[in-house]
Enquirer: 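I have a structure here, written as structure tokens, and I will follow up with some questions on it.
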Amino acid sequence: MIDITPQDHTLIKSHIILPRVLSAFERDIALINATLKTPGPYVDVITEAQRKLTADLYEVRKQFRTRGIKVYEELTDNDGVTARYKCRGYQAEKRIRWAFMAAEAGVLMRKYLGVSTDKYEGERPLVTVPPK
């Protein structure tokens, strides 16, 4: 049997964080529509970011099937999120704290919105979709 690889961990991390970034974009669109007089251009940019993020999330789920990964439970508490999963016969869990998730989500939002993330490079690994 093959151990859980770093790419598997990255996919699981993506599976936890990307849907929350998508929800944040949804929340922001509602806020922008409610408060700005000309929300159209801003909403268009966020909608395009959502499209890109959704495509990446689709790839993550596709990679889950290919690699034999299944997240069967996510537990949320005041400190963060714990995902329990199976990966090629192994059972494990991954915990992400809210502070880390907020920082990571901010960088990912910038990435999907097309804003440079150069100043964040090297500080920590970003959530990405590993190559096939």
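Bear in mind the structure is a predicted one, so any value in this text is a computation, not a measurement.
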Enquirer: Checking side-chain polar atoms at under 3.5 Å, does Asp56 have a donor or acceptor matched by the opposite partner on Tyr112?
Expert: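 Checked: Asp56/Tyr112 side chains pair up, N/O donor to acceptor below 3.5 Å.
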Enquirer: Could you measure the distance from the NZ atom of Lys94 to the NE2 atom of His15? Nearest 0.5 Å is fine.
Expert: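 One finds 13.0 Å between NZ of Lys94 and NE2 of His15.
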Enquirer: Hydrophobic clusters here meaning ILVMFWY residues chained together by side-chain heavy-atom distances under 4.5 Å, can you tell me if Leu18 and Tyr58 are in one?
Expert: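 No, because Leu18 and Tyr58 fall into different hydrophobic clusters, even though each may have its own neighbours under 4.5 Å.
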Enquirer: Quick one: does Arg67's side chain have a donor or acceptor within less than 3.5 Å of a partner on Cys87's backbone?
Expert: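 Here the side-chain-to-backbone pair does not exist.
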Enquirer: Once you round to the nearest 0.5 Å, how far does OH of Tyr42 lie from CD1 of Ile32?
Expert: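 Those atoms lie 8.5 Å apart.
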Enquirer: How close do Trp98 and Asn78 get, heavy atom to heavy atom, and via which atoms?
Expert: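 So the two residues come closest at CD1-O, 3.1 Å.
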Enquirer: Once you round to the nearest 0.5 Å, how far does CD of Glu104 lie from CD1 of Ile96?
Expert: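 So the gap between those two atoms works out to 8.0 Å.
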Enquirer: Which pairs, with at least one residue in residues 19-29 and sequence neighbours excluded, count as a side chain to side chain donor-acceptor pair (under 3.5 Å)?
Expert: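 Sorted pair list: Arg20-Glu74, Glu26-Gln50.
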Enquirer: Look at the side chain of Arg51 and the backbone N and O of Thr47, then say whether any donor-acceptor pair between them is shorter than 3.5 Å.
Expert: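 No; judged by distance alone, with no hydrogens or angles, the pair does not exist.
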Enquirer: Please check this pair: side chain of Arg110 against backbone of Ser116, looking for a donor-acceptor N/O pair closer than 3.5 Å.
Expert: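 No; judged by distance alone, with no hydrogens or angles, the pair does not exist.
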Enquirer: With sequence neighbours excluded, what pairs up with Lys70 under the side chain to side chain contact (heavy atoms under 4.5 Å, CB included) test?
Expert: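 Side chain to side chain contact (heavy atoms under 4.5 Å, CB included) check on Lys70 returns nothing, list empty.
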Enquirer: Treating Ile, Leu, Val, Met, Phe, Trp and Tyr as nodes and any side-chain heavy-atom pair under 4.5 angstrom as an edge, say whether Leu31 and Val21 lie in one connected cluster.
Expert: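 Cluster IDs for Leu31 and Val21 differ.
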Enquirer: Within this structure, what is the CZ-OG1 distance for the pair Arg97 and Thr82, rounded to the nearest 0.5 Å?
Expert: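 Going from CZ on Arg97 over to OG1 on Thr82, the span is 9.5 Å.
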Enquirer: What's the separation between atom NZ in Lys52 and atom CG in Leu113, rounded to the nearest 0.5 Å?
Expert: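 Separation between the atoms: 8.0 Å.
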Enquirer: Quick one: closest heavy-atom pair of Ser14 and Pro19, and the distance?
Expert: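 Nearest pair, atom of Ser14 first, then Pro19: O-CD, 3.8 Å.
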Enquirer: Should Val115 and Leu108 be regarded as members of a common hydrophobic cluster, given that ILVMFWY residues are connected when their side-chain heavy atoms come within less than 4.5 Å of each other, either directly or indirectly?
Expert: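 Yes, same cluster.
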Enquirer: List for me each residue that meets salt bridge (Lys or Arg N to Asp or Glu O under 4.0 Å) alongside Asp77, sequence neighbours excluded, and say none if there are none.
Expert: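 With sequence neighbours excluded, Asp77 shows a salt bridge (Lys or Arg N to Asp or Glu O under 4.0 Å) to Arg95, given in chain and number order.
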Enquirer: Drop me the distance from Ile46's CD1 to Leu53's CG, to the nearest 0.5 angstrom.
Expert: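 The distance works out to 12.5 Å.
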Enquirer: Hydrophobic clusters here meaning ILVMFWY residues chained together by side-chain heavy-atom distances under 4.5 Å, can you tell me if Leu11 and Phe100 are in one?
Expert: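 As far as the 4.5 Å side-chain criterion goes, Phe100 and Leu11 are connected within one cluster.
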Enquirer: In terms of hydrophobic clustering (I, L, V, M, F, W, Y; side-chain heavy atoms under 4.5 Å; direct or indirect links), are Ile69 and Tyr90 co-clustered?
Expert: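 Same hydrophobic cluster.
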Enquirer: Begin from the C-alpha positions of Thr5 and Asp8 and carry the test side chain to side chain donor-acceptor pair (under 3.5 Å) through to its verdict.
Expert: CA-CA 5 Å; Thr5 67; Asp8 296 332; 3.1 Å; yes
